[in-house]
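Worksheet for the structure shown next.
Along the sequence shown, residues are numbered consecutively beginning with 1. Everything quoted here is computed from the prediction, not taken from an experiment.
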Amino acid sequence: MEGNGLDLHAEMLLEEYRQQLYVYERLHMVAIERIRQMLESSGIQVSSFESRIKTEHSLIGKLQRKAAKYGSLADITDIFGARIVAYYNEDVDRIASLVEGLFEVDWTNSIDKRKMHQFNSFGYSSLHYICRIPKELYYDSEMPFLNDIRFELQMRTALQHVWSDIQHDIGYKSEMDMPAEYHRDLSRLAGLFELADNEFSRIRRNIADYRRRMQSLVQKGRLNEVLLDGDTFASYLQTRPFDRLNQQIADITQAEIHDVTMLPYVHLLRDMGLETLADIEKMIADHSEDAYQLALYQLGSTDIDILASTVGLQNLCIVAILKAGGGKMNLQHMFDIINGPSAQNANLAEIVMKQAKRLAFMAS
């Protein structure tokens with residue numbers, strides 16, 4: 001290329017790149033497919049996965065700066081590069097472990113930049129592996145040299161990625177280039193980013209520990225020790241606490257029960273003053289018979305053959321609200337919570353009130 005400022009050695013590297021570009025394209029295709037399969041089978045959620053082959057324009061810029069350090073094109077390990085952005089530090093380590101089992105890692109040239117910074121240094125980086133595709137993973141007899149090509153795989157957290165983008169946008173590659181006052185400012189921010197990364201991981205671990213503790217308490221039946229929230233209610237539902245009442249109601253018309261989510265009821269139950277899972281158990285014990293009688297009035301003259309799995313819980317809530325002195329407005333509020341605000345909820349509340357007036361506790 002005329003006027004690109006390259007010496008003869010750099011021009012030879014550039015020509016080698018042009019001749020070998022089709023190999024890098026195949027390498028790119030194979031590597032990203034294997035990485036995607038790896039991530040999918042691992043179950044690790046990632047923020048992004050991106051890859052690229054260095055363009056000729058980009059390679060020329062690199063050769064203009066440092067062509068002398070490369071004996072051949074194979075020495076340039078980032079012509080093909082990929083980046084995996086995870087949410088948590090520990091997921092970066094998990095992904096790295098999976099990569100080590102998938103590819104051949106060139107440990108001499110790989111680097112964990114996360115461990116390079118001193119406490120007062122500027123910068124915040126990622127884990128960089130230089131990899132090859134082993135022949136047992138992929139081999140093409142028409143392209144045997146593909147397995148000799150090294151490529152770069154970066155792994156970092158979302159916050160590390162944001163920091164890197166900001167650092168790149170600011171335009172300083174090291175603290176030596178930067179005025180001291182701005183270096184100090186950015187160093188403080190780098191510390192905050194690192195603290196945030198660590199705190200997200202800590203909170204995630206604590207939430208996982210909390211879920212395990214609550215699940216254990218539910219399994220042991222110590223429901224009075226379990227506060228009602230979305231996680232604990234989900235664990236409680238695994239014990240199928242409403243199945244008996246649901247089946248009784250379904251038998252009225254020989255209906256089938258269709259499973260639907262009950263999680264919208266968490267807000268309603270808490271709004272009704274229930275604080276623990278033991279409070280739900282008490283509601284079931286105290287109101288199941290009246291909830292069944294209400295279903296008789298609702299379904300006795302119908303031929304409904306499919307019922308939602310929330311039918312028992314909904315009737316329990318209706319009975320509990322009415323026994324506590326609630327009326328049509330309270331029932332409408334209930335339907336607003338579980339169905340979303342709608343003008344139809346007032347009509348539903350009025351219908352339920354008419355049905356419930358036939359219940360023994362309402363007549364008294």
Side-chain angles (χ1 to χ4, degrees), residues 223 226-364:
L223 303 184
V226 184
L227 294 177
L228 173 59
D229 60 36
D231 279 332
T232 58
F233 189 62
S235 295
Y236 178 62
L237 290 177
Q238 293 176 12
T239 69
R240 313 294 294 186
F242 306 107
D243 277 7
R244 183 172 180 274
L245 176 58
N246 281 347
Q247 193 57 57
Q248 283 182 304
I249 294 173
D251 287 345
I252 297 172
T253 60
Q254 301 304 303
E256 295 182 5
I257 299 172
H258 174 61
D259 278 334
V260 297
T261 180
M262 297 188 191
L263 292 181
Y265 281 83
V266 175
H267 183 188
L268 173 61
L269 294 170
R270 295 183 66 172
D271 189 73
M272 292 168 57
L274 281 66
E275 297 180 350
T276 69
L277 297 186
D279 293 334
I280 302 178
E281 287 281 287
K282 186 175 188 304
M283 182 178 72
I284 294 172
D286 291 349
H287 305 314
S288 282
E289 180 57 32
D290 289 313
Y292 173 68
Q293 291 298 322
L294 176 59
L296 280 174
Y297 296 129
Q298 293 169 328
L299 302 174
S301 60
T302 74
D303 58 356
I304 293 175
D305 58 2
I306 297 178
L307 293 171
S309 57
T310 54
V311 61
L313 177 55
Q314 179 172 293
N315 276 13
L316 284 167
C317 292
I318 290 170
V319 169
I321 289 170
L322 295 177
K323 282 186 175 181
K328 177 183 172 181
M329 293 299 296
N330 301 94
L331 293 180
Q332 181 178 341
H333 178 63
M334 180 194 84
F335 288 122
D336 283 341
I337 291 175
I338 61 177
N339 298 330
S342 168
Q344 292 299 315
N345 291 334
N347 296 332
L348 283 174
E350 185 171 350
I351 292 170
V352 170
M353 283 298 298
K354 290 178 180 178
Q355 296 166 338
K357 285 179 180 179
R358 304 170 66 182
L359 295 174
F361 73 87
M362 292 290 286
S364 61

List the atom of [X], the atom of [Y], and the distance in Å for their closest heavy-atom pair.
{"X": "G327", "Y": "M353", "answer": "C-SD, 4.0 Å"}
{"X": "I306", "Y": "A255", "answer": "N-CB, 3.9 Å"}
{"X": "I337", "Y": "P264", "answer": "CG2-O, 4.1 Å"}
{"X": "I249", "Y": "G312", "answer": "CD1-CA, 3.9 Å"}
{"X": "A320", "Y": "M272", "answer": "CB-CE, 3.7 Å"}
{"X": "A308", "Y": "V260", "answer": "CB-CG2, 3.9 Å"}

Within this structure, what is the [atom1]-[atom2] distance for the pair [X] and [Y], rounded to the nearest 0.5 Å?
{"X": "T253", "Y": "D303", "atom1": "OG1", "atom2": "CG", "answer": "8.0 Å"}
{"X": "C317", "Y": "M283", "atom1": "SG", "atom2": "CE", "answer": "4.5 Å"}
{"X": "M334", "Y": "L269", "atom1": "CE", "atom2": "CG", "answer": "10.5 Å"}
{"X": "I351", "Y": "K328", "atom1": "CD1", "atom2": "NZ", "answer": "10.0 Å"}
{"X": "I280", "Y": "L228", "atom1": "CD1", "atom2": "CG", "answer": "5.0 Å"}
{"X": "L322", "Y": "K357", "atom1": "CG", "atom2": "NZ", "answer": "11.0 Å"}

Q) Is the shortest heavy-atom distance from the side chain of F242 to the side chain of T310 under 4.5 Å? A) no
Q.
The test is side chain to side chain contact (heavy atoms under 4.5 Å, CB included); show your working for I284 and L245 and say whether it passes.
A. CA-CA 9 Å; I284 294 172; L245 176 58; over 6 Å; no
Q: Start with the C-alpha gap between F335 and Q344, add the side-chain angles, then the distance that decides, and say whether side chain to side chain contact (heavy atoms under 4.5 Å, CB included) holds.
A: CA-CA 9 Å; F335 288 122; Q344 292 299 315; over 6 Å; no
Q: Apply side chain to side chain contact (heavy atoms under 4.5 Å, CB included) to L227 and T276, showing your working.
A: CA-CA 4 Å; L227 294 177; T276 69; 4.2 Å; yes
Q: May I have all residue pairs that pass side-chain hydrogen bond (donor to acceptor under 3.5 Å, both in side chains) and include part of residues 258-273, sequence neighbours excluded?
A: Y265-Q314, D271-H333
Q | side-chain hydrogen bond (donor to acceptor under 3.5 Å, both in side chains): pairs with one or both residues in residues 238-247, sequence neighbours excluded | A | R240-D243, Q247-D251
Q: Report the C-alpha separation of N315 and Q298 in whole Å, then their side-chain angles, then the decisive distance to 0.1 Å, and conclude whether the side chain to side chain donor-acceptor pair (under 3.5 Å) test is met.
A: CA-CA 10 Å; N315 276 13; Q298 293 169 328; 3.0 Å; yes
Q) Can you check side chain to side chain contact (heavy atoms under 4.5 Å, CB included) on D279 and K282, steps first, answer last? A) CA-CA 5 Å; D279 293 334; K282 186 175 188 304; 5.6 Å; no
Q: For atom CD of E256, decide whether the heavy atoms of other residues, nucleotides or ligands shown that lie under 6.0 angstrom number more than 12.
A: no
Q | D290/K323 ion pair, N-O < 4.0 Å | A | yes
